[in-house]
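Below: the structure, in structure tokens.
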Amino acid sequence: MQAVPGEGPRSARLFFVGQAPGAMEDQTGRPFAGRAGQFLNQMLAEIGLERGDIFVTSVAKHFPPDNRLPRKDEVEACLPFLIRQIQVVDPEIVVLMGKVAEQVRDHSVLAGRKVLVTVHPAAAMRFPAMAERMRKDFRKLRQMLGS
Ligand code: URA
């Protein structure tokens, strides 16, 4: 097992947060390297963005064994890293994907930033209604970005 800290430009205007690395991310050390990541890339492409435009990470920085939800103590242990990442990148817009990420929406590091809460791409790729919700949210994101 290895840490999957996240990746993207230091100057990214957009900061995406997922739940926890999966098996593929654990193998590669890179966030959203598996199927959910491909789905995310596709959603980004639909609004004219690519992975190189965004910073992307997850709340938990390690693969939870058996792909379970990260536990509360794991989330708490990883949270300071996420908060520091947001402070350093200082993005204009933070996109929280799924219920685990949504838990940080009231954190003070997000005060003064635009926050978009959407579904997790792993859910959106399984359920068409969720994919539609994600598409709609991403169109809103495009508007938030301007141009
Ligand atoms: N799901 C996440 O939340 N994060 C990843 O890095 C991959 C899948």
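We use all heavy atoms of the structure for the numbers below, so side chains are in, but hydrogens, waters and symmetry mates are not. Whatever order the structure lists them in is the order used to number ligands and atoms, beginning at 1.
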So, Arg84 versus Gln87: side-chain donor-acceptor pair below 3.5 Å or not?
yes
Numbered in order shown, the ligand 1 atoms found under 4.0 Å of a heavy atom of Pro31 are 6 (O)
Is His120 near ligand 1, meaning one of its heavy atoms is under 4.0 Å from it?
yes
Does Pro31 reach the side chain of Val4, with side-chain heavy atoms less than 4.5 Å apart?
yes
Nearest heavy atom to atom 5 (C) of ligand 1: which of Ser58, Ala33, Gly6, Gly18 does it belong to?
Ser58
One finds that the ligand 1 atoms under 4.0 Å from a non-hydrogen atom of Gln19 are 2 (C), 3 (O)
Considering only protein heavy atoms, which is closest to atom 6 (O) of ligand 1, and at what distance to one decimal place?
Phe32 N, 2.9 Å
Among Gly22, Ala20, Ala36, the residue with a heavy atom nearest to atom 1 (N) of ligand 1 is Ala20
Criterion side-chain contact (heavy atoms from CB on, under 4.5 Å) on Ile86 and Arg113, from CA distance to verdict:
CA-CA 10 Å; Ile86 296 173; Arg113 303 180 202 280; 3.7 Å; yes
Does Asp73 form a salt bridge (charged side-chain N to carboxylate O under 4.0 Å, His left out) with Arg71? I'd like the steps, not just the answer.
CA-CA 5 Å; Asp73 62 311; Arg71 291 190 314 254; 2.8 Å; yes
So, do His120 and Phe32 have ring centers that fall under 6.0 Å from each other?
yes
